[in-house]
Amino acid sequence: MKALEQQQEQSDDRLEQKAKLSYPEEIIEEIFSRLPVKSILRFRSLSKPWLSIISGTRFTKLQITRATRTALFISARDRSNGDRHLFSGSLDGGAVTHLLTIGTSYCAEDTEADHLNGLVCFTYGDLSYDNNITLVLNPSTHKFFKLPDRVSDNYIASNLFGFDESRNEHKVLNISQSFEDSDTIEIMIFSLSNYSWRKIDVDLPVNVSLNVSRHRWYYSGGSVCVNSTVHLMLRDPLEILAFDLGTEKFCIVKIPSDAVPQDTLHPCTRFIKINGLLGIVSHDRVEESNEMHIWILQDYEKRVWVKETIRFPGSWIKMGRPFPLDSGYTDEIMFSPSVLSEDLFEVPIYDMKSRCFKSIQLTLDRQFVWPEAVELEEIKCYVESLIPLQNQQNDTYLRF
């Protein structure tokens with residue numbers, strides 16, 4: 001037995017020595033940066049030199065610039081007990097991988113998910129009020145971080161995910177206001193470089209008010225970050241409020257006139273990111289025309305919008321009223337899924353180049369007490385990355 005252990009130790013030493021002497025560090029970084037994150041994580045245990053390279057900040061930054069593999073982030077709610085489950089999956093379909101379970105104590109109805117440069121921001125609770133929880137996750141490494149509470153007396157608040165390209169930094173923009181003084185808003189920014197909130201003083205554009213009682217802030221359109229700028233929807237009139245994370249200033253982005261739905265009080269309009277560009281989806285009158293329109297901001301600086309029309313192969317109603325969910329950095333648009341069986345879902349995908357639909361099937365790899373009560377809430381694309389997240393003690397309502 002001792003002889004076998006000695007042979008194993010000698011073998012490990014030889015592997016480590018080879019890893020140290022075979023190739024220059026720069027070559028090893030180049031090779032590793034082009035591999036799937038799952039493979040890179042396995043290589044960390046092969047040798048100490050490789051562990052040192054892979055764990056380094058330089059390699060983490062290199063890997064995200066070379067990252068081409070896109071995966072799916074999925075949230076599903078079990079209505080039988082209130083638990084919410086987070087999964088990752090492949091764009092080729094198949095069984096998904098369980099990441100995290102959120103216990104019943106904090107499972108409200110509303111959710112919002114966004115992805116930027118290898119991380120996913122997932123918010124759940126009452127998204128219109130300061131009664132929600134925000135997690136930042138790296139689905140590739142199965143790590144997560146729960147945003148700390150803000151030090152504020154305001155009650156109406158929302159967290160909006162962003163990435164500041166000038167500082168290579170993920171941030172969360174928080175906009176809040178008090179019931180007592182609805183004309184006053186408070187802007188705070190959480191930085192994932194130092195894991196802390198800071199309050200900023202900034203003026204809104206002229207004639208813009210976020211007074212909720214006047215229905216000016218239309219958050220149900222979601223938010224999206226493009227060009228280091230966080231965008232959210234306003235109404236009366238329907239337009240876009242943009243916050244530049246670099247300059248920390250607001251501005252207004254006008255929506256094309258033909259993109260404004262007829263029912264401006266209850267507009268069927270949401271954001272979508274397509275191939276890294278800002279897009280607006282409207283399903284106004286889709287039941288009559290069987291067509292859905294997406295306006296894409298092709299040239300951000302010159303405010304040039306391009307209209308994309310999606311024609312459904314069959315009746316939109318009979319197809320289950322699918323709605324675009326995400327695209328990320330590809331020309332393929334994912335639509336809301338339909339249920340095929342207890343644990344099998346089908347996700348329609350529209351290819352903007354071929355103008356045709358295809359679909360993938362996803363299987364939930366988890367036993368549910370009442371499978372019929374499970375519903376998919378969010379499906380988002382994310383780029384695989386090694387971006388680290390600060391360690392923290394697990395909350396009792398979060399289960400792996």
Side-chain angles (χ1 to χ4, degrees), residues 73-77 82-88 99-164 169-177 185-200 210 217 219-225 230-232 243 245 271 273 326 377-380 382 385 387-400:
F73 170 82
I74 303 161
S75 71
R77 185 167 184 262
D83 283 357
R84 181 165 280 121
H85 304 276
L86 307 184
F87 303 91
S88 63
L99 299 173
L100 188 68
T101 294
I102 303 171
T104 56
S105 299
Y106 289 85
C107 280
E109 292 292 335
D110 300 329
T111 63
E112 192 74 46
D114 199 3
H115 59 94
L116 287 165
N117 289 55
L119 297 181
V120 174
C121 184
F122 181 70
T123 300
Y124 56 96
D126 190 336
L127 301 185
S128 300
Y129 295 88
D130 195 9
N131 182 28
N132 52 65
I133 304 295
T134 297
L135 302 177
V136 178
L137 308 98
N138 185 334
S140 302
T141 61
H142 294 206
K143 302 295 183 182
F144 75 92
F145 176 81
K146 176 179 171 288
L147 249 65
D149 296 332
R150 300 169 301 106
V151 181
S152 173
D153 294 327
N154 290 348
Y155 298 101
I156 304 175
S158 290
N159 290 325
L160 313 173
F161 197 38
F163 184 76
D164 185 351
E169 182 179 12
H170 289 85
K171 297 179 178 179
V172 177
L173 172 68
N174 180 278
I175 303 177
S176 64
Q177 64 183 144
I185 66 167
E186 182 178 87
I187 308 294
M188 299 187 73
I189 294 178
F190 184 86
S191 171
L192 265 76
S193 63
N194 56 23
Y195 290 88
S196 62
W197 288 104
R198 65 182 175 89
K199 183 179 178 181
I200 65 171
L210 296 184
W217 186 357
Y219 180 69
S220 59
S223 70
V224 68
C225 181
V230 177
H231 305 80
L232 65 150
F243 180 81
L245 292 169
F271 286 124
K273 187 187 296 183
D326 197 16
E377 298 173 312
E378 301 281 348
I379 300 182
K380 298 287 184 178
Y382 69 90
S385 81
I387 296 174
L389 290 171
Q390 187 182 78
N391 293 328
Q392 61 176 174
Q393 291 183 344
N394 292 342
D395 291 88
T396 55
Y397 63 92
L398 299 174
R399 306 190 301 274
F400 290 92

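Just so you know, these numbers use all the heavy atoms, side chains as well, and skip hydrogens, waters and symmetry mates. Not measured: the values here are computed from a predicted model.
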Could you go through the side-chain contact (heavy atoms from CB on, under 4.5 Å) check for Thr141 and Leu389 one step at a time?
CA-CA 10 Å; Thr141 61; Leu389 290 171; over 6 Å; no

Take Ile133 and Thr123, measure what side-chain contact (heavy atoms from CB on, under 4.5 Å) needs, and give me the verdict at the end.
CA-CA 6 Å; Ile133 304 295; Thr123 300; over 6 Å; no

Should Leu135 and Ile102 be marked as a side-chain contact (heavy atoms from CB on, under 4.5 Å) after you check the CA-CA gap, both sets of side-chain angles, and the distance that decides it?
CA-CA 11 Å; Leu135 302 177; Ile102 303 171; 4.2 Å; yes

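With rounding to the nearest 0.5 angstrom, the CG atom of Asn174 is 7.5 Å from the CD atom of Glu186. With rounding to the nearest 0.5 Å, the separation of CZ in Arg84 from OG1 in Thr101 is 11.5 Å. A distance of 10.5 Å separates CG of Leu137 from NE2 of His142, quoted to the nearest 0.5 Å. Considering SG of Cys121 and NZ of Lys380, their distance stands at 11.5 Å, rounded to 0.5 Å. Rounded to the nearest 0.5 angstrom, Thr134 OG1 and Lys146 NZ are separated by 9.0 Å. The distance from atom CD1 of Ile189 to atom CD1 of Ile175, rounded to the nearest 0.5 Å, is 10.0 Å.
Judged as a side chain to side chain donor-acceptor pair (under 3.5 Å), and not counting sequence neighbours, the contacts of Ser385 are Asn138. Partners of Phe73 by ring-ring contact (aromatic ring centres under 6.0 Å, His included), not counting sequence neighbours, listed by chain and number: Phe122. Qualifying ring-ring contact (aromatic ring centres under 6.0 Å, His included) partners for His170, counting only residues two or more places apart in sequence or in other chains: Phe161, Phe163. The side chain to side chain donor-acceptor pair (under 3.5 Å) test applied to Asn117 returns no partner, not counting sequence neighbours. Considering only residues two or more places apart in sequence or on other chains, Lys171 meets the side chain to side chain donor-acceptor pair (under 3.5 Å) condition with Asp164. Residues forming a side-chain contact (heavy atoms from CB on, under 4.5 Å) with Pro148 (at least two apart in sequence, or on another chain): Phe145, Phe190, Trp197.
In this structure, Leu173 and Ile187 have side chains that are in contact, with non-hydrogen atoms separated by less than 4.5 Å. Proximity of Ile387 to Leu192: side-chain heavy atoms (C-beta onward) are nowhere separated by under 4.5 Å.
Between Ser223 and Val230, the closest heavy-atom pair is CB-CG1, 4.5 Å. Residues Cys225 and Asp114 come closest through the heavy atom pair N-OD2, 4.2 Å. The minimum heavy-atom distance between Pro139 and Leu99, with the atom names listed, is O-CD2, 3.7 Å.
Listed for the His231 side chain is a donor-acceptor partner under 3.5 Å among the backbone atoms of Val224. Checking side-chain atoms of Lys143 against main-chain N and O of Pro388 turns up no donor-acceptor pair under 3.5 Å.
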